[in-house]
Protein chains: 2
Amino acid sequence: MSPTPEPTPARLRTIPSRLIAGAAVIADRLVSERLATEGARKWHFAVLVALAEAGAASQAELSRRTGIYRSDMVAVLNELSAASYIRREPDPVDRRRNVITLTPVGRRHLERLDTLIADAQRELLAPLTPAQQGQLTDLLIALTDHHGVGHTGQSHAAGGRAR
Amino acid sequence: MSPTPEPTPARLRTIPSRLIAGAAVIADRLVSERLATEGARKWHFAVLVALAEAGAASQAELSRRTGIYRSDMVAVLNELSAASYIRREPDPVDRRRNVITLTPVGRRHLERLDTLIADAQRELLAPLTPAQQGQLTDLLIALTDHHGVGHTGQSHAAGGRAR
DNA sequence: CTACCTTCGTTAGTGCCACTAACGTTCATG
DNA sequence: CATGAACGTTAGTGGCACTAACGAAGGTAG
């Protein structure tokens, strides 16, 4: 006696924002599962890549490169430096800043994460042909480039406190 | 003197899972902003649509239709019924269940939300041509259909408690 | 030089969402 | 009638996006 199982209504299934949100959940799960085997999260990966690609930088610079908020960056760097993947030293030329440097250990860690991430992408895109995979990537780049990706007001003003 | 602003590394920008996550943030922001003008969130919309499309249902049924967890459904229905958009009555034929019914007020509310959602989709997809919009939707449907969209283990076992 | 504004790192806290665990109740079966 | 499953509900976790505020330091204008 099936009481009409009635799956997701078509009207919901075809709403782009919902499709994207659903895909994001799937992608996140895939990525997080794998990264967890190395005790990492996606932010760790993002920061390490940013360092490997563009070299040492201040925390604010890393924040801009990765899209992670300055405030959240602190904890990520705490974790990364606790594992000796990065070093965090005061910048001698601008004493407001810290210089974040990728250590050799960090670089090797990144290599491991890299293969995990690549695996996840492969599984994520498995249902699509290579041509479709390219299409999807291009479409998403067009979409995220147009709307400014993240950062509502990350680089606002912050100096003058309430008073 | 610009100390080399150095934006997001290409290696990060082209990772599909990151692109999807970015798109999801944008989409969510667009949708949430609009829904907020009616004091609603996306879950409210999903539930109302599910009711309008497939008729009255139990909470577990709605959970399956929308992808919202049974546990989170409770709060959503509390809010919707507080605004008289739905009614929640015990099911006479199966006393474990509640029957959730869309009220006329709820139906009118849904109509308003519908236009807000449509607006958001339009703005979200604005950078793409109509053909590309169709492509993106199709690709995402293929992707989410393949991996089972949500529900890691929503319909697990739950009856026998620990001890 | 001295105000003033900005940037930087940091702490604290909010809200949404995905997800888990447990529990009492009710139903369906063997 | 005992067992197991489904249902509604409460409570709690963890990640992420995002805001607010602050002290310390740098840049610039007057």
Side-chain angles (χ1 to χ4, degrees), chain A residues 1 3 21-22 24-29 31-33 35-36 40-44 46 57-64 66-79 88-100 149-163, chain B residues 1 3 21-22 24-26 28-29 31-32 35-36 40-44 46 57-64 66-79 88-100 149-163:
Chain A
M1 227 356 50
V25 171
I26 292 166
D28 250 48
R29 206 152 47 205
V31 167
S32 300
E33 273 168 14
L35 288 185
R41 282 174 298 128
K42 44 188 221 152
W43 281 354
H44 296 53
S58 70
Q59 302 189 187
E61 241 295 291
L62 282 178
S63 175
R64 277 174 235 119
T66 57
I68 302 172
Y69 274 72
R70 266 171 35 255
S71 38
D72 297 323
M73 184 61 73
V74 179
V76 176
L77 294 181
N78 285 344
E79 291 160 23
R88 188 208 246 130
E89 299 159 315
D91 185 336
V93 332
D94 183 344
R95 302 214 311 280
R96 291 170 303 177
R97 298 184 179 171
N98 289 335
V99 181
I100 311 299
V149 90
H151 307 254
T152 349
Q154 176 128 208
S155 41
H156 258 167
R161 75 168 146 317
R163 166 84 321 234
Chain B
M1 233 357 51
V25 172
I26 292 166
D28 249 49
R29 206 152 47 207
V31 166
S32 301
L35 288 185
R41 282 174 298 129
K42 42 188 223 156
W43 281 354
H44 296 52
S58 70
Q59 302 188 187
E61 242 295 291
L62 282 177
S63 175
R64 276 174 236 120
T66 57
I68 303 172
Y69 273 72
R70 268 172 32 254
S71 40
D72 297 323
M73 183 62 71
V74 179
V76 176
L77 294 181
N78 285 344
E79 290 159 23
R88 188 207 248 131
E89 299 160 315
D91 185 336
V93 332
D94 183 344
R95 301 215 312 280
R96 290 171 301 179
R97 298 182 180 174
N98 290 334
V99 180
I100 310 300
V149 87
H151 308 255
T152 347
Q154 176 128 205
S155 39
H156 257 168
R161 72 170 146 319
R163 171 40 305 276

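Throughout, a chain's letter reflects where its sequence line sits, starting with A, and its residues are numbered from 1. Just so it is clear, the values below take in all heavy atoms, side chains as well, and ignore hydrogens, waters and symmetry mates.
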Measuring from atom OG of A:Ser32 to atom CZ of A:Arg41, what distance do you get when rounded to the nearest 0.5 angstrom?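 Nearest 0.5 Å value for the OG-CZ distance: 9.5 Å.
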First locate atom CZ of B:Arg64, then atom OG of B:Ser58, and finally report the distance between them rounded to the nearest 0.5 Å.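 B:Arg64 atom CZ to B:Ser58 atom OG measures 6.0 Å (nearest 0.5 Å).
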Whole-Å gap separating [atom2] ([N]) and [atom1] ([X]):
X        : N      : atom1 : atom2 : value
A:Leu77  : C:dG9  : CG    : C1'   : 10 Å
B:Trp43  : C:dC17 : CH2   : P     : 5 Å
A:Ile100 : C:dC8  : CD1   : C1'   : 12 Å
B:Asn98  : C:dG24 : CG    : C1'   : 15 Å
A:Arg70  : D:dA20 : CZ    : C1'   : 11 Å
A:Arg41  : D:dG15 : CZ    : C1'   : 7 Å
A:Ile68  : C:dC8  : CD1   : P     : 16 Å
A:Met73  : C:dG9  : CE    : P     : 9 Å

Answer yes or no: side-chain N or O of A:Arg96 and base N or O of C:dT7 forming a donor-acceptor pair under 3.5 Å.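 Answer is yes: a donor-acceptor pair is held.
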Confirm from the modelled atom types if B:Asp72 and C:dC19 form a donor-acceptor pair under 3.5 Å, side chain to base only.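 Indeed, a donor on one side and an acceptor on the other fall under 3.5 Å apart.
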Answer yes or no: does a side-chain N or O of [X] lie under 4.0 Å from OP1 or OP2 of [N]?
X       : N      : answer
A:Arg88 : C:dT10 : yes
A:Arg29 : C:dC17 : no
B:Tyr69 : C:dC19 : yes

Does the side chain of B:His44 reach to within under 4.5 Å of the side chain of B:Leu35, using non-hydrogen atoms?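 Of all side-chain heavy-atom pairs linking B:Leu35 with B:His44, none is under 4.5 Å.
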Heavy-atom distance under 4.5 Å between the side chains of A:Arg97 and A:Glu61, does that happen here?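 With C-beta onward as the side chain, the pair stays apart.
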Among D:dA17, C:dC8, C:dC19, the nucleotide that comes nearest once only the side chain of B:Val25 is considered: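 Closest nucleotide to the B:Val25 side chain: D:dA17.
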Among C:dT20, D:dC16, C:dT11, find the nucleotide with the atom closest to the side chain of B:Ser71.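 The closest nucleotide is C:dT20.
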Which is more 5' along DNA chain D, the nucleotide nearest A:Asp28 or the one nearest B:Ser58? Just name the residue.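 The residue closer to the strand's 5' end, by nearest nucleotide, is B:Ser58.
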Here's a test of your reading of the structure: between A:Arg95 and A:Ser32, which maps to the more 5' nucleotide of DNA chain D?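 It is A:Ser32 whose nearest nucleotide is closer to the 5' end.
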Identified side-chain contact (heavy atoms from CB on, under 4.5 Å) counterpart of A:Leu62 within the set A:Ile68, A:Asn98, A:Ile100: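 Only one option passes, and that is A:Ile100.
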Specify the residue among A:Ala21 and A:Gln59 whose closest nucleotide of DNA chain C lies further upstream toward the 5′ end.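 Result of the comparison: A:Gln59.
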